[in-house]
Amino acid sequence: MTSTASSMDSTDYRPGRTPHDRRPSWQQRLRRFGYTAEPSADVRERLSPPYAQPSPRLWQALGVPHAWADRIARWSPWGGPLLVTLMAGVLRFWNLGSPKAVIFDETYYAKDAWALVHRGFEVNWDKNANDLILSSGGHVSVPADAAYVVHPPVGKYVIGLGELLFGFDPFGWRFMTALLGTLSVLLLCRIGRRLFRSTFLGCLAGALMAVDGLHFVMSRTALLDGVLMFFVLAAFGCLVADRDRARARLAAALPPDADGRYRPNAAVAEGARLGLRPWRWGAGLFLGLAIGTKWNGLYIMVAFCLMSVLWDVGSRRVAGARHPYRTVLRRDTGLAFLATVPVALVTYLVSWTGWIRSAADGKGGYYRNWAATDGKGGHWTWLPDWLRSLWHYEHEVYEFHTHLTSPHRYQSNPWSWLVLGRPVSYFYESPAPGKDGCPADATEKCAREVLAIGTPLLWWAACFAVLFVLWRWLFRRDWRAGAIACGIAAGYLPWFLYQERTIFLFYAVVFLPFLCLAVAMMIGALVGPPGANDTRRVAGATGAGVLVLLIAWNFIYFWPLYTGQAIPIDSWRSRMWLDTWV
């Protein structure tokens with residue numbers, strides 16, 4: 001009876017035949033002589049592949065005792081990512097308050113954050129406020145006059161939390177971006193491990209981001225894009241975890257056949273319910289926080305939602321669904337929508353609580369009183385005044401963003417981003433010899449700069465890695481490559497719709513983690529599969545090692561430009577590899 005039920009549930013069911021009868025006839029004839037066909041991949045392993053088991057051989061080769069080598073190998077899934085994160089944290093928090101200045105757009109976000117955490121809305125500051133803040137140690141009064149700002153409040157609240165903890169000074173307003181930058185390295189290590197089922201490749205992806213110059217500079221500057229990157233990466237990690245959990249539940253629901261094998265089963269694949277899927281709700285929360293930081297999170301939410309639905313289709317298909325799209329539409333899409341779009345929308349609205357609760361008599365947030373003044377009348381008066389005022393505010397912000405064409409010295413076209421065509425100088429000084437770190441024996445003034453530019457060799461390698469993952473996705477149907485390509489496309493391609501707008505290279509930090517995953521995947525392919533011969537593996541490992549060491553050297557070489565250290569002007573010129581970097 002069990003055999004018959006299993007047979008009827010299978011996707012390749014043929015009436016009246018047992019599971020053994022599905023084998024080719026030559027295997028049937030050879031079975032009487034004791035032949036057993038080589039087992040194919042169990043469908044449960046296809047749904048939920050095992051992780052590569054860490055080997056203690058490397059540690060034993062380095063002279064570590066056998067017991068300790070085994071222990072290190074067992075700890076490596078968390079120990080490796082934590083070590084990489086520790087390195088990233090030390091780099092990012094070292095001398096975080098330098099330069100002791102308000103650099104680039106910190107002039108907006110640091111002060112807006114301070115106003116938000118004290119008044120609930122942004123305010124207009126005096127034109128000399130920066131000098132007063134730095135000279136007084138942040139002991140300044142917060143103005144009351146509301147300011148018109150064009151970005152939602154979440155990222156500024158994040159920056160403001162650091163200011164509340166450590167003061168209204170450069171260290172305070174950079175603390176949270178440094179913390180999130182460090183934690184994003186940990187996230188990437190663990191996400192890479194899930195994607196590749198390899199602790200080594202996961203840690204490699206995290207290490208590459210730890211030594212990327214753009215990520216490093218954005219982690220040490222109070223701008224919004226680093227905060228946005230963290231929330232986007234966290235949402236992606238939640239969706240990857242949800243995919244693993246959903247596929248594991250499908251695998252657990254499949255019954256064994258008469259041979260004890262687990263095969264695709266249409267009834268289970270089309271009928272199994274996967275529950276509330278809390279990781280998906282977490283993704284909705286982080287996507288809401290991303291949109292509440294900068295609006296380009298909307299494009300990322302659309303791309304990620306589509307990607308997760310396609311993952312469900314693939315999972316149901318592997319489990320045996322005859323009509324996977326129809327099944328996903330009936331079983332999964334409704335809950336997927338509820339777990340993402342409404343959650344993100346509610347999160348976004350909640351982030352405006354300070355503005356909503358401010359006074360509606362003209363003394364609160366900008367446009368807070370619009371519904372009671374200029375917005376009187378119309379067809380939407382049945383809505384709360386705060387909601388109509390907020391909608392008007394958002395409309396005005398949209399008009400600003402879509403018509404922002406004011407030229408800027410450091411603006412760049414997105415076509416040039418991957419090759420680092422035009423970086424952004426956040427800070428520049430020319431100290432005289434003997435001052436601000438300039439050597440006393442220097443023959444001319446030094447250069448002291450904070451340049452928002454990625455580690456060149458990493459980004460140029462990423463150009464090839466992007467082509468590699470596209471090839472893997474299109475021609476090998478590798479879902480991991482597709483996921484990485486989706487992350488890059490979601491953060492990158494929308495900017496091509498606004499090529500006339502004033503935009504900057506540092507916006508690319510949002511899809512930087514996916515570039516690092518692409519490079520790690522390419523390096524893994526360069527090393528070669530475990531079954532390759534020794535010559536192939538040695539050659540591949542040598543090439544991969546040389547590439548990684550060159551990227552690390554490149555980061556060290558550009559270190560003075562990332563940290564604002566004074567260097568002789570000739571040394572600064574030697575680092576201007578392209579004319580467009582000046």
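Values in this document were obtained by computation on a predicted structure and should not be read as measured data. Only heavy atoms go into these numbers, but all of them, side chains included; no hydrogens, no water, no symmetry mates.
- The two residues Ile453 and Pro423 come nearest to each other via the heavy atoms CB-CB, 3.6 Å.
- For Arg194 (side chain) and Gly202 (main-chain N/O), no donor-acceptor pair under 3.5 Å exists by modelled atom type.
- Aromatic pair Trp352/Tyr393: centroids less than 6.0 angstrom apart.
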Applying side-chain contact (heavy atoms from CB on, under 4.5 Å) to Leu187 and Phe230, what does each step give before you reach the verdict? CA-CA 9 Å; Leu187 281 178; Phe230 175 82; 3.6 Å; yes
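- Checked against the 6.0 Å centroid criterion, the rings of Phe236 and Phe514 qualify as a close aromatic pair.
- Within a 6.0 Å radius of CD in Glu444, more than 12 heavy atoms belonging to other residues, nucleotides or ligands are found.
- Here the closest non-hydrogen pair linking Cys203 and Gly80 is SG-C, 3.5 Å.
- Shown here are the side chain to side chain contact (heavy atoms under 4.5 Å, CB included) partners of Pro278, two or more places apart in sequence or in another chain: Arg245.
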Any chance you could lay out the side-chain contact (heavy atoms from CB on, under 4.5 Å) test for Arg193 and Thr199, step after step, and finish with the verdict? CA-CA 5 Å; Arg193 181 176 182 271; Thr199 300; 2.9 Å; yes
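- Under a 3.5 Å cut-off, the side chain of Arg448 and the backbone N or O of Gly564 do form a donor-acceptor pair.
- When the shell of 6.0 Å around CZ of Arg357 is examined, it contains 12 or fewer heavy atoms from other residues, nucleotides or ligands.
- Side-chain contact between Asn296 and Leu228 is present, with at least one heavy-atom pair separated by less than 4.5 Å.
- Aromatic pair Trp577/Phe558: ring centres closer than 6.0 Å.
- Inter-residue side-chain proximity for Arg409 and Arg422 is flagged as met; some heavy-atom pair is nearer than 4.5 Å.
- Separation of the His151 and Tyr108 ring centroids does not fall under the 6.0 Å cut-off.
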Audit row: Tyr299, Leu497, side-chain contact (heavy atoms from CB on, under 4.5 Å) steps and yes/no: CA-CA 12 Å; Tyr299 291 105; Leu497 301 174; 4.1 Å; yes
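- One distance of note links CG of Asn413 with CD of Glu500; it measures 8.5 Å at 0.5 Å rounding.
- Contacts of Ala146 classified as side chain to side chain contact (heavy atoms under 4.5 Å, CB included), with partners at least two apart in sequence or in another chain: Phe121, Tyr366.
- Side-chain atoms of Leu512 and Trp459, non-hydrogen and from C-beta on, do get closer than 4.5 Å to each other.
- Atom CG in Leu161 sits 12.5 Å away from atom CG in Leu116 (nearest 0.5 Å).
- Residues passing the ring-ring contact (aromatic ring centres under 6.0 Å, His included) test with Phe168, sequence neighbours excluded: Trp114, Trp173.
- Between the side chains of Lys111 and Asn130, a donor-acceptor pair is found at a separation under 3.5 Å.
- Annotation: disulfide (SG to SG under 2.5 Å) contacts involving residues 423-462, sequence neighbours excluded, comprise Cys438-Cys446.
- The backbone N or O of Ala88 lies less than 3.5 Å from a partner atom in the side chain of Arg92, making a donor-acceptor pair.
- Residue Cys463 holds its SG atom at 14.0 Å from CH2 of Trp417, rounded to the nearest 0.5 Å.
- One distance of note links OG1 of Thr177 with CZ of Arg220; it measures 9.5 Å at 0.5 Å rounding.
- The environment of CH2 in Trp581 is crowded: more than 12 heavy-atom neighbours from other residues, nucleotides or ligands sit within 6.0 Å.
- Legend: ring-ring contact (aromatic ring centres under 6.0 Å, His included) pairs involving residues 81-101, not counting sequence neighbours, sorted by first then second residue: Phe93-Phe175, Trp94-Trp559.
- The OG1 atom of Thr221 lies 9.5 Å from the CZ atom of Phe216; values are rounded to the nearest 0.5 Å.
- Residues Leu201 and Met521 form no side-chain contact, since every pair of their non-hydrogen atoms from C-beta on lies 4.5 Å or further apart.
- Here the shortest heavy-atom pairing between Tyr562 and Pro456 reads OH-CD, 4.2 Å.
- By the neighbour-count criterion of 12 heavy atoms within 6.0 Å, atom OH of Tyr398 is sparsely surrounded, having that number or fewer from other residues, nucleotides or ligands.
- Checked by atom type and distance alone, the side chain of Thr455 never pairs as donor or acceptor with a backbone atom of Phe555 at under 3.5 Å.
- A donor-acceptor contact shorter than 3.5 Å is absent between the side chain of Tyr426 and the backbone of Met218.
- Here the options are Val509, Asp105, Leu214, the test is side chain to side chain contact (heavy atoms under 4.5 Å, CB included), and the partner is Asp225; only Val509 passes.
- The minimum heavy-atom distance between Gly206 and Val84, with the atom names listed, is C-CG1, 3.8 Å.
- Here the side chains of Leu517 and Leu188 are in contact, with some heavy-atom distance below 4.5 Å.
- Around the CH2 atom of Trp279, the shell of radius 6.0 Å holds no more than 12 heavy atoms that belong to other residues, nucleotides or ligands.
- Distance alone, capped at 3.5 Å, places no donor-acceptor pair between the Glu449 side chain and the Leu561 backbone.
- For the residue pair Ser574/Tyr557, the side-chain donor-acceptor check at 3.5 Å is satisfied.
- Between Leu134 and Pro170 the shortest side-chain heavy-atom distance falls below 4.5 Å.
- Put simply, the residue from Ser308, Cys305, Cys238 that forms a side chain to side chain contact (heavy atoms under 4.5 Å, CB included) with Arg280 is Ser308.
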Leu451 vs Arg575, test: side-chain contact (heavy atoms from CB on, under 4.5 Å). Steps then yes/no. CA-CA 11 Å; Leu451 187 66; Arg575 289 165 171 81; over 6 Å; no
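- Here the side chains of Phe231 and Thr293 are in contact, with some heavy-atom distance below 4.5 Å.
- Applying the 6.0 Å contact sphere to NE2 of His395 captures no more than 12 heavy atoms from other residues, nucleotides or ligands.
- Without hydrogens or angle criteria, Ser351 side chain to Val154 main chain gives no donor-acceptor distance under 3.5 Å.
- Considering all non-hydrogen atoms of both residues, Val232 and Phe304 come closest at O-CE2, 3.7 Å.
- Applying the side chain to side chain contact (heavy atoms under 4.5 Å, CB included) rule to Ser135 yields the partners Leu132; only residues at least two apart in sequence or on another chain are considered.
- A distance of 9.0 Å separates CG in Leu390 from CZ in Arg368, rounded to the nearest 0.5 Å.
- At least one side-chain heavy atom of Ile551 sits under 4.5 Å from a side-chain heavy atom of Leu208.
- The two residues Ile567 and Pro560 come nearest to each other via the heavy atoms CG2-CB, 3.7 Å.
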